[in-house]
J.: 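This structure is in structure tokens; I'll ask about it shortly.
Just so it is clear, the values below take in all heavy atoms, side chains as well, and ignore hydrogens, waters and symmetry mates. Lettering follows sequence order; numbering is per chain, from 1.
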2 protein chains.
Amino acid sequence: MQSPVGIRDVAQRAGVSPGTVSNVLNRPEKVSAETRAKVEAAVRELGFVRHGSASTLRAGHSKTIGLSVIDIGNPFFTDVTAGVEEVASELGYAVILCNSAGSRTKEERNLLVLAEQRVRGVLITPSDEDPTRLDRLRERGISVVLVDHPAHRPDQCSVAVNDIVGGTTAVNHLRAGGATSIGYVTGPLTIRQCIDRRTGAERALGGAVPLRVTEMPAMTPRAGQEAAAKMIAEGELPDAIFCANDLLALGVLRGLMHAGIRVPEDVALIGYDDIDFVAASAVSLSSIRQPTHQLGRVATELLLDECDHPGTHAHQQIMFQPELVVRESTR
Amino acid sequence: MQSPVGIRDVAQRAGVSPGTVSNVLNRPEKVSAETRAKVEAAVRELGFVRHGSASTLRAGHSKTIGLSVIDIGNPFFTDVTAGVEEVASELGYAVILCNSAGSRTKEERNLLVLAEQRVRGVLITPSDEDPTRLDRLRERGISVVLVDHPAHRPDQCSVAVNDIVGGTTAVNHLRAGGATSIGYVTGPLTIRQCIDRRTGAERALGGAVPLRVTEMPAMTPRAGQEAAAKMIAEGELPDAIFCANDLLALGVLRGLMHAGIRVPEDVALIGYDDIDFVAASAVSLSSIRQPTHQLGRVATELLLDECDHPGTHAHQQIMFQPELVVRESTR
DNA sequence: CCACAACTTTGAAACGTTTTTCTACGTCGG
DNA sequence: CCGACGTAGAAAAACGTTTCAAAGTTGTGG
């Protein structure tokens, strides 16, 4: 274990002062080409690696942002993450990825870690509506951008996709296919996405028939399968089922097939998110597509703009529109 | 933006010295119950959050580990990540998740970021065999545990699954089903997993017939679909196809079905990893299951043991065995 | 040849913790 | 009642960078 080499070792080797080395590292344009070359050589020869903590401590801010998602196991969020990472690394930022796994406690602990790390900003898909945690972050000078969640206030940025429209689109499509009674399999109805998609679905029904809601504690294939079993056990299946996300839909599909129920002949099925895997599923699934990658990219651009140009930054609430993708499961 | 509250503000409020506050934070047992209560109250009232950088700087180490994976979009790695996170947060460590996306350059940059952050240790699924990057980390006092990659040296920990056995198992299964000519669709043959699985496959063939290898630059459904198209265009399909992972297999399945080729009647198909989605695919896919979650958990336990008990820690190279899961695609 | 500007580089202070040493106080045994 | 011992808390010195004012250097015009 070699003795740690610091900026002063580099300075000594290059025959300059520590301040100059710091300048080479942070504002190379302030330093003459000749000196810069000497310093860079010394850095290379000594294998110097900047001590991020010391740097953050003194400078008062880091080149790091936090990303807190609800479920890292959901391909929807992995796609968003990929978009975030792209933009962040283009602008020289590192990303600390946290998974709240739908638990408010875990989310809170993750945000604490991010606050301790003095990240420059946080991208978050909040697990509930309560804004106080985020306000506390903002009070500390940490910018926050909401991802996949519209901000209700003008003083913060957000990037979202219209879930009400998505729900309406899905159910309209099911009704156009001839369905009259429609089921909605959803995750916890404390999650905004689940609520909005339901609202959209009900709007499409216009009160003519009630939406038959099956609420599950998780949004996973397993939960979907259980939902299907439950619906079957309760008797009288709806003509069509709308699932709050594709993972649930895959599970429901599996559950239905397992019970010998045909999709779409007996029951039509549509999911949400259009993750890669649904196109290859047993019966390829219709879904509502969202611009996931774009969501991540734009959110990060907003966040970093807010961090790097706090003066000129204008808060924006961006709302994308979802898109219907029709496949076998609703034909 | 409130003025930042530091440990001395807390100290003043509680009527003690900064050192005592630090003790309350880090070794509460050293402080009398009475004083501790006063300090904790002050912390709460002032909303104090420890400055992680200052702490790391002075203490010389952080409560953070890094996790560098090859492809965050692959459910295999998300499962591993979940296992890692579980153990890490149980022991009070935060995880910085990096995605090298199969690019050596990105991996290097990520490791640099981790080194700058002075993480305590790194879990890594290396993108190639070159050990020098990792040796450099270790020289800096950053422990490294290899994940899904066996260590060839006794001085480092690793957790892996026997991919040669996996390859052999897969191909034996295909041959038992009557296949004589066998194709292998793989990602870059610079990746150890791809190489080992091929080796295992060839071993199962025993040189009787050559393994027909189709190498793709990525291991994604898209690449799989392209591989299928390519094989079809080249004529004469094999009886059975073994894919180096499930994402490729899903793509191959889609590609075959698109061309009207039936699975398993015309071509049998088996993947690798047994990710959640393959059970629900058009034709449910046979696969080779690995103890993913366990992989993450054990790797993290080893790493943190190495970090927290450097004296007594014994390096271990752990090798799990994979397991065949038979579904429709090979019946 | 001097004054002045423009540009580089230096040196030291500061960032907020942790850690080590040291002091003060109370307790206990002789 | 005295001295030794043990404990809780205080005080101050780091940790490795960045920053900022000041000093140094070079070039230009009068």
J.: Quickly work out the B:E29 CD to D:dA8 P distance and round it to whole Å.
T.: 10 Å

J.: Does the pair A:R297/A:E90 count as a salt bridge with the N-to-O cut at 4.0 Å?
T.: yes

J.: Describe the nucleic acid contact of B:T56 in one word from base, sugar-phosphate, nothing, applying a heavy-atom distance below 4.0 Å.
T.: nothing

J.: Specify the separation, in whole Å, of atom CG of A:N26 and atom C1' of D:dC20.
T.: 14 Å

J.: Under 4.0 Å, heavy atoms only, any strand: does B:G19 hit a base, just the sugar-phosphate, or nothing?
T.: base

J.: What is the distance from CD of A:E116 to P of C:dT17, rounded to the nearest Å?
T.: 10 Å

J.: Between atom CG of B:N99 and atom CD of A:E85, what is the distance when rounded to the nearest 0.5 Å?
T.: 5.0 Å

J.: Please report the distance, rounded to the nearest Å, between CZ in A:R27 and C1' in C:dT8.
T.: 14 Å

J.: Take the protein atom CD of A:E34 and the nucleotide atom C1' of C:dC7, then report the distance between them rounded to whole Å.
T.: 14 Å

J.: Tell me what A:S32 touches on the nucleic acid: a base, only sugar-phosphate, or nothing, going by heavy atoms under 4.0 Å.
T.: sugar-phosphate

J.: Base, sugar-phosphate alone, or nothing: which one does B:R8 contact when heavy atoms must sit under 4.0 Å apart?
T.: base

J.: Do B:S53 and B:T56 pair up side chain to side chain, a donor and an acceptor below 3.5 Å, judged on atom types alone?
T.: no

J.: Of all the nucleotides listed (D:dT19, C:dG16, C:dT18), which has the minimum atom distance to the side chain of B:R50?
T.: C:dT18

J.: Below 4.0 angstrom from OP1 or OP2 of C:dT9, is there any side-chain N or O of A:T20?
T.: no

J.: Please state how far atom NE2 in B:H51 lies from atom P in D:dC15, giving the value in whole angstrom units.
T.: 19 Å

J.: Does A:D155 pair with A:R138 as a salt bridge, N-O distance under 4.0 Å?
T.: no

J.: Could you please name the option among D:dA10, D:dA8, C:dT18 that lies closest to any side-chain atom of B:T35?
T.: D:dA8

J.: Could you check how far NZ of B:K30 sits from P of C:dT20, rounded to whole Å?
T.: 11 Å

J.: For the pair made of NZ in A:K63 and P in D:dT18, what is the distance, rounded to whole Å?
T.: 12 Å

J.: Less than 4.0 angstrom between a side-chain N/O of A:R36 and OP1 or OP2 of C:dT8, yes or no?
T.: no

J.: Please report the interatomic distance OG(B:S158) to CE(B:M319), rounded to the nearest 0.5 Å.
T.: 7.5 Å

J.: Describe the nucleic acid contact of B:V31 in one word from base, sugar-phosphate, nothing, applying a heavy-atom distance below 4.0 Å.
T.: sugar-phosphate

J.: Reckon A:S55 has a side-chain N or O less than 4.0 Å from the OP1 or OP2 of D:dT18?
T.: yes

J.: Do B:R58 and C:dT18 have a side chain to base donor-acceptor pair shorter than 3.5 Å?
T.: yes

J.: Which heavy-atom pair separates B:T300 from B:V84 by the least distance, and what is that distance?
T.: OG1-CA, 3.3 Å

J.: Measure from the side chain of B:A54, starting at C-beta and using heavy atoms only, and say which of C:dT17, D:dG16, C:dT18 lies closest.
T.: C:dT17

J.: Nearest nucleotide by nearest heavy atom, which residue falls closer to the 5' end of DNA chain D, A:I7 or B:N23?
T.: B:N23

